[in-house]
Amino acid sequence: MLRLLVDSGSSIKLEEVEHYNIELVPLKILIGETEYQDGINLPMDEFYKQLIDNKIFPKTALPDLGALEERVNKFTDAGDDVIILTISSEISGAFNAIKLLFADNPKVRPIDSKIAVGGMRLIVDEINKYRDLSLDEIEEKVNKIIPRIKIMAIPETLEYLFRGGRLSKKEWILGSILKIKPIIGFIEGKVKVLSKKIGLKLGMTAIVNALKECECDENYEIIASYTYNKSNVDKLVEMTDEKYKKQIRVYDNLDPAIACHWGPNAFGYCFVGNK
């Protein structure tokens, strides 16, 4: 039997684990002196109150490795194989820590998603297609789809990405001074500014056009992601061609571990492209 564990950088919610046939590995969130488990015991309302009203910038940390080791060893002792899918190793130390933790256990396969949030949901869907294959064969399938997964998102401000170390000072300064709307995505696992547009409408248009330019694969879902306020992503969906609207089946209000770096009112799409 294959056990699939996914860290909370995926923004998969507790109520969704049965649908995805996974178990969650919660990252830690530190707000002041209080430690929370992402997606487990930090209500979204409380999180955004701290972020917006109290101006406290949360910090994220690795999951509880001791608890993870105990849980995984029970599975492998029972004869199960285990895949642990993590958020990109370029923005979190989770993958490298987990890889080292299970280096001597051939029944455990940590996989670096090289992405986050909805992109990880798409990888989970891919893994679920091939649960009867070996760990090597599943990893081969995953490595083929990872370069095709696109995230294109617009944050309301670059402040949170910069403060969280996900964006360079140069990119933060240029974006802040020029008042542009940067389109953020992942390149080789790193958070990058993909393009810059003047005004929200042009930014949305660029994301909508990217579905065609990247030849969005109709065999996969499009994940509509947002933080705190859904109004911007609703406008994005309204602008989207009917051909692609039917693929939008998930509206994801991002979990705190990711939302704390994007800030409130960010929005965008995650999808699989053929280019």
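Any value given below was found using the heavy atoms of this structure, including those in side chains, with hydrogens, waters and symmetry copies removed.
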message: Determine whether Asp255 and Ser8 satisfy the following criterion, side chain to side chain donor-acceptor pair (under 3.5 Å), listing intermediate values before the conclusion.
response: CA-CA 8 Å; Asp255 272 358; Ser8 61; 5.6 Å; no
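Minimum heavy-atom separation, Gly189 to Ile91: O-CG2, 4.2 Å. Taking both residues in full, the closest heavy atoms of Pro264 and Glu156 are given as O-CB, 3.6 Å, listed atom of the first, atom of the second, then distance. Here the closest heavy-atom approach between residue Met239 and residue Thr205 is recorded as CE-OG1, 3.3 Å. Looking at every heavy atom in both residues, Tyr226 comes nearest to Tyr251 through CE2-C, 4.2 Å. Shortest non-hydrogen contact noted between Thr76 and Val82 is CG2-CG2, 4.0 Å. The heavy-atom pair separating Ile87 from Met120 by the smallest distance is N-CE, 3.5 Å.
No donor-acceptor pair closer than 3.5 Å links the side chain of Ser195 to the backbone N or O of Ile183. Of the possible polar contacts, one joining the Asp38 side chain to the Ala257 backbone as a donor-acceptor pair under 3.5 Å is found. Counting only distance, with no hydrogens or angles, the side chain of Arg3 and the backbone of Ile22 share no donor-acceptor pair below 3.5 Å. Asp80 places no side-chain N or O within 3.5 Å of a backbone atom of Leu2 that could act as its donor or acceptor partner. Although no hydrogens or angles enter the test, the distance criterion places a donor-acceptor pair under 3.5 Å between the side chain of Thr227 and the main chain of Ala266.
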Show me the donor-acceptor pairs, under 3.5 Å and distance only, between side chains in residues 62-73 and residues at least two apart or in other chains.
from  : atom 1 : to    : atom 2 : distance (Å)
Asp64 : OD1    : Gly66 : N      : 3.1
Asp64 : OD1    : Ala67 : N      : 3.1
Arg71 : NH1    : Glu23 : OE1    : 3.0
Arg71 : NH1    : Leu24 : O      : 3.2
Arg71 : NH2    : Leu24 : O      : 3.1
Asn73 : ND2    : Glu69 : O      : 3.3

Donor-acceptor pairs under 3.5 angstrom involving side-chain atoms of residues 268-275: please list them, not counting sequence neighbours.
from   : atom 1 : to     : atom 2 : distance (Å)
Tyr269 : OH     : Thr240 : OG1    : 2.6
Asn274 : OD1    : Arg148 : NH2    : 2.9
Asn274 : ND2    : Glu215 : O      : 3.2

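Partners of Gln247 according to the side-chain hydrogen bond (donor to acceptor under 3.5 Å, both in side chains) rule, which considers only residues two or more places apart in sequence or in another chain, do not exist here. Residues forming a side-chain hydrogen bond (donor to acceptor under 3.5 Å, both in side chains) with Glu137 (at least two apart in sequence, or on another chain): Ser134. Residues satisfying the ring-ring contact (aromatic ring centres under 6.0 Å, His included) criterion with Tyr228, sequence neighbours excluded, are Tyr48. Residues satisfying the salt bridge (charged side-chain N to carboxylate O under 4.0 Å, His left out) test with Lys245, not counting sequence neighbours, are Glu242.
Both Tyr130 and Val142 are part of a single hydrophobic cluster, where members link through side-chain heavy atoms under 4.5 Å apart. Hydrophobic cluster membership differs between Leu100 and Leu135, with clusters built from Ile, Leu, Val, Met, Phe, Trp and Tyr side chains linked at under 4.5 angstrom. Cluster annotation: Ile115 is connected to Val6 through the hydrophobic network of ILVMFWY side chains, with a link wherever side-chain heavy atoms come within less than 4.5 Å. A single hydrophobic cluster is not seen to contain both Val193 and Ile154; linkage of ILVMFWY side chains at heavy-atom distances under 4.5 Å, directly or through other members, places them apart. Cluster membership check: Ile111 does not share its hydrophobic cluster with Leu101, using side-chain heavy-atom separations under 4.5 Å among Ile, Leu, Val, Met, Phe, Trp and Tyr.
Listed by first and then second residue, the ring pair (Phe, Tyr, Trp, His ring centres under 6.0 Å) pairs involving residues 1-43 amount to none (not counting sequence neighbours). Listed by first and then second residue, the side chain to side chain donor-acceptor pair (under 3.5 Å) pairs that reach into residues 110-119 are Ser89-Asp112, sequence neighbours excluded. Applying the ring pair (Phe, Tyr, Trp, His ring centres under 6.0 Å) test to every pair with at least one member in residues 70-115, sequence neighbours left out, gives no pairs at all.
Side-chain contact between Ile248 and Val237 is present, with at least one heavy-atom pair separated by less than 4.5 Å. Side-chain contact between Thr86 and Ser92 is absent, with no heavy-atom pair separated by less than 4.5 Å. Side-chain contact between Asp252 and Lys13 is present, with at least one heavy-atom pair separated by less than 4.5 Å. In this structure, Ile83 and Leu5 have side chains that are not in contact, with every pair of non-hydrogen atoms separated by 4.5 Å or more. The closest side-chain heavy-atom distance from Leu133 to Glu140 is not below 4.5 Å. The shortest side-chain heavy-atom distance between Thr60 and Ile258 does not fall under the 4.5 Å cut-off. Two residues are said to be in side-chain contact when any heavy atoms from C-beta on lie closer than 4.5 Å; Lys181 and Lys196 fail this criterion.
Atom CD of Glu18 sits in a sparse spot, with 12 or fewer heavy atoms from other residues, nucleotides or ligands closer than 6.0 Å. Environment of NZ in Lys129: crowded, with over 12 heavy atoms of neighbouring residues, nucleotides or ligands closer than 6.0 Å. Shown here is Lys28, whose NZ atom has more than 12 heavy atoms of other residues, nucleotides or ligands within 6.0 Å. Counting heavy atoms of neighbouring residues, nucleotides and ligands inside a 6.0 Å radius, atom CG of Asp104 does not exceed 12 of them. For Asp45, the CG atom is loosely surrounded, since the number of other residues' heavy atoms within 6.0 Å does not exceed 12.
Note that the CG atom of Leu236 and the CZ atom of Phe267 stand 6.0 Å from one another [nearest 0.5 Å]. We find the CD-CG distance between Glu35 and Leu42 to be 11.5 Å, quoted to the nearest 0.5 Å. Taken to the nearest 0.5 Å, the CD atom of Glu139 stands 8.5 Å off from the CD1 atom of Ile146. Annotation: the span from Ile138 atom CD1 to Lys141 atom NZ amounts to 10.5 Å, rounded to 0.5 Å. Note: Met152 CE to Cys214 SG = 6.5 Å, rounded to the nearest 0.5 Å.
Residue Leu202 is found outside any hydrophobic cluster, as its side-chain heavy atoms come under 4.5 Å of no other Ile, Leu, Val, Met, Phe, Trp or Tyr. The hydrophobic cluster around Leu27 extends to none of the other residues, as no ILVMFWY side-chain heavy atom falls under 4.5 Å of it. Applying the under-4.5 Å side-chain rule to Ile, Leu, Val, Met, Phe, Trp and Tyr, the cluster around Leu30 consists of that residue alone.
At a threshold of 4.0 Å, the pair Arg121-Glu16 counts as salt-bridged, since one of the basic side-chain nitrogens sits closer than that to a carboxylate oxygen.
The only option from Asp81, Leu85, Asp136, Ile84 that meets the side chain to side chain contact (heavy atoms under 4.5 Å, CB included) definition with Arg109 turns out to be Asp136.
Between Glu218 and Tyr244, the side chains place no donor N or O within less than 3.5 Å of an acceptor N or O (distance only, hydrogens not considered).
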